[in-house]
Amino acid sequence: MTSERNSPARKVYLDHSATTPVRAEVLSVMLPFFAQAFGNASSVHRWGREARVGVETAREKVAYLLGAEPSEIVFTSGGTEADNLALRSTARLLRSKGNHIITTTVEHHAVLHTCQILEKEGYEVTYLPVDEYGMVSVESVIEAIRPETILISVMHGQNEVGTIQPVEEIGRVAKEKGILLHTDAVQSAGKVPLKVRDLGVDLMSISSHKMYGPKGIGALYVRKGIKMAPQITGGAHERGRRAGTENVAGIVGFGEACYLAERELAEESRRLTALRDRLISGILERIPDTVLNGHPSKRLPHNVNVSIKYVEGESILLNLDRMGIGASSGSACTSGSLEPSHVLLAMGVPHEVAHGSIRMTLGRMNTVEDIDYVLEVLPPIVSRLREMSPFSAPAASETSGGGRNNVQ
Amino acid sequence: MTSERNSPARKVYLDHSATTPVRAEVLSVMLPFFAQAFGNASSVHRWGREARVGVETAREKVAYLLGAEPSEIVFTSGGTEADNLALRSTARLLRSKGNHIITTTVEHHAVLHTCQILEKEGYEVTYLPVDEYGMVSVESVIEAIRPETILISVMHGQNEVGTIQPVEEIGRVAKEKGILLHTDAVQSAGKVPLKVRDLGVDLMSISSHKMYGPKGIGALYVRKGIKMAPQITGGAHERGRRAGTENVAGIVGFGEACYLAERELAEESRRLTALRDRLISGILERIPDTVLNGHPSKRLPHNVNVSIKYVEGESILLNLDRMGIGASSGSACTSGSLEPSHVLLAMGVPHEVAHGSIRMTLGRMNTVEDIDYVLEVLPPIVSRLREMSPFSAPAASETSGGGRNNVQ
Amino acid sequence: MYNEKVMDHFFNPRNVGEMENPDGVGQVGNPICGDVMRVQIRVKDNRIEDVKFKTFGCGAAIATSSMVTELVKGLTLDEAMEVSNKTVAEALGGLPPQKMHCSNLAADALHEAIKDYRSKTSVAG
Amino acid sequence: MYNEKVMDHFFNPRNVGEMENPDGVGQVGNPICGDVMRVQIRVKDNRIEDVKFKTFGCGAAIATSSMVTELVKGLTLDEAMEVSNKTVAEALGGLPPQKMHCSNLAADALHEAIKDYRSKTSVAG
Ligand SMILES: Cc1ncc(COP(=O)(O)O)c(C=O)c1O
Ligand SMILES: Cc1ncc(COP(=O)(O)O)c(C=O)c1O
């Protein structure tokens, strides 16, 4: 790996939607649970009791973030498993009531691929379209509802383009129709207020490593009174809703991360929004032929996603990386598949433009200086790549914004 | 919690089959992955690449313990999930070939409960009986095989009574008949040699927290060429065999734990066996009316399980706990169910004797002094409880070994 | 899991033992379920003058046995019949939910002992 | 993901650009898939005298484009036709497996350019 050898002027991590570092405060509460209070939370002896206290205190903290009761929190191995559990449990237990699920075309693969498998098992799934901003409409939800609809699963904050879906309105519809509502709030948790009672959701997935907690732990909020069929079966952990020895240190860290996030939410959200808008407008001003993806205002406070025409995402990322900047892209090349981001395509972004999208997601450590560094470094990278591109005449594209081969 | 107030003379953790502390060497290799090399292993930037190197190096170390190739290791959230994945994936993918699974009555709940659910889904499961030592016979496996048998799942080391099953012989049978063989080696890993090629197994579950690694991580060995249907669906992690952002720090710690275990296995196994035998013979000598559960020699080196007649397990545990000793029991009371250990019952141990069983599982930090402390502390605890018991005449039972109300 | 009061009764059980020629004996539970309690009473002037227990069982089984003996010593038989398993659990400051049903039978054993006494005396009387 | 040689060709691509009046032009890929490569050649005495490329695509797409231009400069057209995508990947010291198929098309673009040249000259000649 060449680029480990060079030391860029600055290191700027802008991929907080992929994962976040564990906060120092979080790591420090976790540490005693590795080698001191290391017991199995099911054991009756002192080591077990200490672990149990750790787990249950953390459960209270997660519940605090969501405005839920501790008994409504089921710990899982992450956001993906929480999504799986919500969908599969509901599908299995409500099968006698119906076999129809409503979701959207812009869900995370943890929901989409699970729905595709459920389709193979005889469920019917409606994938609601989104508008150019990646937004689903409440009307489309209402129209899709059938007598046999058992679940609506609509994500809260979209992970690629940052659009925040109208979950609260959908919650009112779901309640009125007596249909369960799940929301994947993995990206929203700790970023925007997320009280389950206000949103009117029955099930909500969140993930620790997206909010400065450790990886490998997440939670599903399950409204009191909703039965669960465990996906992972074995011991009677998590009140029979998820088997497997509890990841005590992970749970404790997750709890602390939730607590800190809730405490700092309003202020941090304001700060991130300002940085986000500085980065967005800086890019759009300094680089011609760029467009913002996702909703301009109903948007996660830390998400920037732009399409940079005539160039391909991975080649931008590699250049940014050499300059110390970590970002991600909606390009297919990054993942090794041929299809670029299903989210951008669902929003009607043409393939070739989707290939040139990059996502920069801000976090706690980012400063105005970081943003300005990106704004200094990115334009020459784009120019250089555009000079290499068969789609833009080097001179013309930078000034008039029109390439020889006009993509879109 | 009263007993936290008293400080016993000594603290002796004897519940290593429930979970183990994370070794200092393991924790130290994990630490950089929380807040420095914290990236998502799927990301292309430097943070992601560092994480990927951590994951793949760990995969090599896990493979080293099992004598497998790194590509044959699938990381999961623990032993339970590994068991679930092995069973469900095989069941689903081989359904067209047959619907019959062979397992034993002494498996962990992660296997047993999953089999019970598969039965509800139309699979047929044969639960092989065991002898008085908890041992399954190769003949019974052979007899149970049908043309539609698709999987044999027999655990390696039994978690409660320590009996080591004849997996290698079963492996030969399975290979001959062309049936896949899964073994739950959660308790054996790091304790006894466990090379997948020697054992002839196709699938093997192991769990980090049982071998001085962190909780919340495990692995399924999947022999090259065997297709897997993921249980947790979403992103293309683990080559499509297990979705969800990799628990990098957990994986790294697990890898290190496997490496250290393999390096120290022979010596530590000898040391534990000596301590184990000292504890077993000490108890049988000093406390009348006790019996060893499990096989006397084909036994995990760290497992001691004895039934102490006329008394109930939890009340022993609480007393041991007050004296600083952490153990576990096969009593129902501990778990809150009415049935005592399904394993002891399967071995033909009467209910009332099963209620009085305790398990002490040794580990790296235990010394001869620890064992002698237990042997000093346990007999008076038993005497006191037996005096309270309606089943043993205080004097008689302690001398002649016969209670007034002879249980068993 | 258990509160301090339960642990106190578990580690320092009151009135453990057997008496010679008890006036009434009651036994409930069975060893298969893991809890057996035997209560013996001595009765004088229709009051419980003395009470002893022996119990095979978990922490809750032993603590509730101990507590019930303490609660009823000196009570009239009618009063003692009013002491329920629930009373005992409350006197202990509560028990873990999973212990409420299987291990909280001490009052039943006491009632059996009283019934045993009454059946004997009614025959005798 | 990529080795040092690939990164070198990606960050310092050889022969980027366009030439006036090329003797042959080849273009492969399409923007929908995310990789488009255009190769131009100047031919003299049946040899590739000069070669330029422009590429829209990922790291592998750019690096293979650069490498192919370096490999073929000075070769006879027949020799250049022998240079395959595999040759290019090997010259780069290997590519990640997922990049072997979708992004390793530079030799194809070169071959197209040679064919373009040949078709023009055969018409002319
Ligand atoms: C919206 C969304 N849902 C689910 C997930 C999956 O969460 P995890 O990585 O914890 O499995 C992610 C992140 O990968 C996400 O962004
Ligand atoms: C034999 C056996 N299998 C499976 C498991 C489950 O592993 P985990 O606790 O990692 O889910 C355990 C331990 O609980 C076990 O002892």
Side-chain angles (χ1 to χ4, degrees), chain A residues 1 3-4 13 15 18-22 24 27 34-36 38-40 42-49 77-81 83-84 108-110 113-114 117 207 209 214-217 231-236 243-250 314 317-318 320-321 325-328 334-335, chain B residues 1 3-4 13 15 18-22 24 27 34-36 38-40 42-49 77-81 83-84 108-110 113-114 117 207 209 214-217 231-236 243-250 314 317-318 320-321 325-328 334-335:
Chain A
M1 277 160 291
S3 46
E4 261 72 349
Y13 183 74
D15 204 7
T19 195
T20 56
V22 175
L27 184 56
F34 288 113
Q36 292 105 54
F38 64 81
N40 187 313
S42 305
S43 299
V44 301
H45 47 61
R46 65 189 68 225
W47 294 268
R49 289 192 304 270
S77 68
T80 297
E81 192 193 321
D83 284 341
N84 274 248
H108 189 266
H109 284 147
H113 287 167
T114 306
I117 287 166
S207 177
H209 74 96
K215 294 177 178 57
I217 193 77
Q231 163 161 233
I232 298 184
T233 51
T245 300
E246 291 91 340
N247 176 356
V248 181
E314 188 194 272
L317 292 192
L318 292 172
L320 285 174
D321 178 52
I325 299 167
S328 80
T334 310
S335 64
Chain B
M1 276 163 291
S3 47
E4 261 72 349
Y13 183 74
D15 205 6
T19 196
T20 55
V22 175
L27 184 55
F34 287 113
Q36 292 104 54
F38 64 82
N40 187 313
S42 305
S43 298
V44 301
H45 47 62
R46 67 188 66 223
W47 294 269
R49 288 192 305 270
S77 68
T80 297
E81 192 194 321
D83 284 342
N84 274 246
H108 190 267
H109 284 149
H113 287 166
T114 306
I117 288 167
S207 177
H209 75 97
K215 294 176 178 56
I217 193 78
Q231 163 161 235
I232 299 185
T233 50
T245 301
E246 291 91 341
N247 176 357
V248 181
E314 188 195 273
L317 292 192
L318 293 172
L320 285 174
D321 179 51
I325 300 167
S328 81
T334 310
S335 64

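Every chain is numbered from 1, with letters handed out A, B, ... down the list of sequences.
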Tightest non-hydrogen contact, residues A/Ala35 and B/Val22, listed as CB-O, 3.6 Å
Given B/Gln231, B/His108, B/Gln36, the one with more heavy-atom pairs under 4.5 angstrom with chain A than any other is B/Gln231
Side chain, backbone, both or neither: which part of B/Glu246 has an atom under 4.5 Å from a heavy atom of chain A?
backbone
Excluding sequence neighbours, so at least two apart, what forms side-chain contact (heavy atoms from CB on, under 4.5 Å) with A/Ser328?
A/Asp15, A/Arg359
Chain B interface, residue from A/Gly48, A/Ala249, A/Gly216, A/Pro21 that has the most non-hydrogen pairs under 4.5 Å
A/Pro21
Quick one: pull up NZ in B/Lys215 and CZ in A/Phe38 and give me the separation to the nearest 0.5 Å.
7.5 Å
Closest heavy-atom contact between A/Thr80 and B/Thr233?
CG2-O, 3.5 Å
Does the pair A/His45 and B/Leu317 meet the rule for a side chain to side chain contact (heavy atoms under 4.5 Å, CB included), with working shown?
CA-CA 7 Å; A/His45 47 61; B/Leu317 292 192; over 6 Å; no
Under 4.5 Å to a heavy atom of chain A? For B/Ala18 that would be both
B/Phe34 vs A/Phe34 aromatic rings, parallel, tilted or perpendicular, using cut-offs 30° and 60°?
tilted
Using non-hydrogen atoms and a 4.5 Å limit, figure out which bit of A/Ala327 sits close to chain B: side chain, backbone, both or neither.
backbone
Part of B/Leu318 lying under 4.5 Å from any heavy atom of chain A:
neither
A/Ala243 versus chain B, the contacting section by heavy-atom distance below 4.5 Å
both
Are the side chain of B/Asn247 and the backbone of A/Ile217 linked by a donor-acceptor contact shorter than 3.5 Å?
no
N/O donor-acceptor pair under 3.5 Å between A/Arg46 side chain and B/Gly326 backbone:
no
Heaviest contributor of heavy-atom pairs below 4.5 Å to chain A, chosen from B/Gly39, B/Ser207, B/Gly78, is B/Gly39
Kindly say whether A/Gly234 contributes a backbone atom to a donor-acceptor pair with the side chain of B/His113 at under 3.5 angstrom?
yes
Tell me, side chain or backbone of B/Ile117 under 4.5 Å from chain A's heavy atoms, or both, or neither?
side chain
As an exercise: rank A/Asn40, A/Leu320, A/Ile325 by heavy-atom pairs under 4.5 Å with chain B and give me the winner.
A/Asn40
